[in-house]
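What you see below is based on every heavy atom in this structure, not just the backbone, and it leaves out hydrogens, waters and symmetry mates.
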Amino acid sequence: MSGGLLVAGTTSDAGKSVLTAGICRWLHRSGVKVAPFKAQNMSNNSMVVVGADGRGGEIGRAQAMQAAACGIAPDIRFNPVLLKPGSDLSSQVVLLGEAIDTVTAGNYRSLRPRLAETAFATLAELRAEYDVVICEGAGSPAEINLRDGDFVNMGLARRAGLPAVVVGDIDRGGVFAALFGTVALLSPEDQALVSGFVINKFRGDLGLLRPGLDMITAAAGRPVLGVLPFDQDIWLDAEDSLAYGRMLGRPGTPRGSEWLRVAVVRLPRISNATDAEALATEPGVQVRLTVEPAEIADADVVVLPGSKATVSDLAWLRQTGLADAVSVHAAAGKPLVGICGGYQMLTDAIHDDVESRRGTVPGLGLLPLEITFGERKTLARPHGTAAEGVPVGGYEIHHGYVSRGEAPQPLLHYSDGTPEGAVSGAVYGTHWHGAFESDEFRRWFLTRAAQQAGRHGFAVAPDTRFAAVRERALDTLGDLVEEHLDTEALWRLIEDGPPTGLPFVPPGAPGAPLR
């Protein structure tokens with residue numbers, strides 16, 4: 001059996017995904033055959049993986065990013081269970097890449113044993129193929145109301161005999177209490193696997209922090225394996241759109257005399273918010289997530305992103321006044337882009353008896369098309385061209401399809417010549433996620449959008465390569481691990497498992513026998 005490790009966290013967004021990716025990149029650069037794994041992910045940011053049989057399947061986008069850190073192609077086994085929330089009460093269940101059910105908290109319990117056994121079996125399969133598998137937990141292992149039946153945090157570690165490290169975000173405050181409390185709320189059996197701590201997003205003088213590191217080591221009986229500094233360049237492929245804050249990335253100085261301001265509507269059930277990241281890598285392009293109509297009015301380009309609840313999010317647009325702001329923006333002839341669910345919102349009507357089950361609802365009426373939701377989800381990794389033969393690729397994840405009407409002009413063409421998407425003046429729509437990661441297409445769009453927005457002084461950068469930007473970010477993560485973590489201690493855990501004799505920290509899990 002190969003080596004392994006579980007990266008757990010004190011909270012959601014503590015840094016589990018990026019630490020996992022950083023460890024994966026460090027191991028990959030060291031010549032280790034390594035793979036990532038997350039037994040169950042809850043996220044609407046997903047990626048399509050195409051297997052050897054040509055069939056598409058979904059995994060969390062973070063696991064696709066971690067696969068890139070490992071230098072390997074993404075695999076549906078890296079995230080066997082994906083929960084895609086459609087509301088506060090229900091989620092679509094994707095098992096080994098395929099949507100199998102929609103569940104609530106109540107009926108999820110009946111499905112959980114099947115999901116758990118699939119996750120355990122998949123991890124065992126990966127450990128037989130790779131030298132090391134780095135597993136990412138979910139949320140916090142100290143969510144005591146969820147420990148029974150857990151198969152992604154300590155339940156996974158117990159089943160697979162994995163050592164666990166717990167990462168805490170010092171930028172939130174209270175990191176020592178969070179680290180200590182995480183251990184102290186675990187059962188003795190779970191505590192025996194927690195082998196160390198990592199502190200994330202530190203700013204300031206490490207000398208001032210060092211006494212605290214010694215104290216938490218003494219109090220919890222586990223070493224701090226390192227302190228990762230805050231790094232503003234780590235923002236690509238965020239697991240959760242809320243992790244972005246309001247501004248995406250750090251926009252570079254314009255190549256021309258003017259900036260191009262892009263407003264991305266932060267929908268309540270935003271899906272694949274990462275689509276806008278490629279725009280934010282361009283010098284002179286300022287990309288902001290917003291829920292404010294005033295910021296829509298001030299933008300040069302507006303993006304309606306994907307949604308896991310298209311009809312519900314369209315209703316929210318109307319309730320908040322954002323729909324009116326978007327329509328005014330389009331009426332002024334300024335660029336408006338709809339991606340997947342956002343594209344569907346731009347049409348005349350949506351017929352949905354599948355996702356929301358609300359029947360026919362009016363769209364924003366900015367594209368002369370109608371959308372119908374089908375039971376079967378489209379999952380694909382298409383390639384094709386835009387205007388003037390500009391190459392473009394992406395991925396598709398959607399139930400809706402164009403059922404009536406004809407686009408004034410297609411935005412894209414599949415490789416076989418079939419038209420896709422629509423352009424009407426300065427209104428653009430496509431079902432393809434990830435299209436802006438294609439460098440030539442992104443430059444073509446930004447050049448056209450800047451002219452339509454009246455930003456004649458804006459100039460695209462001819463040398464921005466999105467794939468290279470992502471690789472630099474992954475290398476930065478690997479550098480942080482090599483420079484700031486005790487990699488020798490980390491390797492001992494991966495290779496030998498948890499050390500024996502780790503002390504019990506009372507009181508332990510509620511109801512668990514005391515030592």
Side-chain (His433) to main-chain (Glu396) donor-acceptor, under 3.5 angstrom: no
Face-on cation placement of Arg442 at Phe436 ring, 6.0 Å and 45° thresholds: no
Side chains of Leu304 and Val337 in contact at under 4.5 Å (non-hydrogen atoms): no
Within-4.5 Å side-chain heavy-atom neighbours: Gln92 and Ile100: no
Pair Thr418, Asp416: side-chain N/O donor-acceptor within cut-off below 3.5 Å: yes
Lys/Arg N to Asp/Glu carboxylate O, Asp13 vs Arg172, below 4.0 Å: yes
Asp352 side chain vs Ser356 backbone, donor-acceptor pair below 3.5 Å: yes
Heavy-atom side-chain proximity of Val49 to Glu58 below 4.5 angstrom: no
Donor-acceptor under 3.5 Å (Arg261 side chain, Asp298 main chain): yes
Charged N-O contact under 4.0 Å between Lys16 and Glu136: no
Stepwise side-chain contact (heavy atoms from CB on, under 4.5 Å) check, Lys377 with Ile397: CA-CA 7 Å; Lys377 183 187 288 189; Ile397 309 171; 3.9 Å; yes
Any pair counted as ring-ring contact (aromatic ring centres under 6.0 Å, His included), so long as it reaches residues 320-369, sequence neighbours left out: Tyr343-His431
Thr310 backbone acceptor or donor facing Glu355 side chain under 3.5 Å: yes
Test: Arg455 and Asp300 ion pair at under 4.0 Å: yes
Test log, rule side-chain contact (heavy atoms from CB on, under 4.5 Å), inputs Phe202 and Leu228: CA-CA 6 Å; Phe202 178 69; Leu228 298 176; over 6 Å; no
Ile59 backbone acceptor or donor facing Ser46 side chain under 3.5 Å: no
Qualifying residues under ring-ring contact (aromatic ring centres under 6.0 Å, His included), relative to Trp444, sequence neighbours excluded: Phe441
Tyr428: ring-ring contact (aromatic ring centres under 6.0 Å, His included) partners, not counting sequence neighbours: Phe445
Note, Val392 side chain near Leu412 side chain (heavy atom, < 4.5 Å): yes
Nearest-0.5 Å distance that lies between atom CG in Asn153 and atom SG in Cys135: 11.0 Å
Side-chain donor/acceptor of Asn272 to backbone N/O of Gly306, under 3.5 Å: no
Polar side-chain atom of Asn45 near backbone of Ala273 as donor-acceptor pair, under 3.5 Å: yes
Donor-acceptor under 3.5 Å (Asp479 side chain, Val481 main chain): no
Contact check, side chains of Ile23 and Val7, non-hydrogen atoms, under 4.5 Å: yes
Any Leu367 side-chain heavy atom under 4.5 Å of Asp348 side chain: no
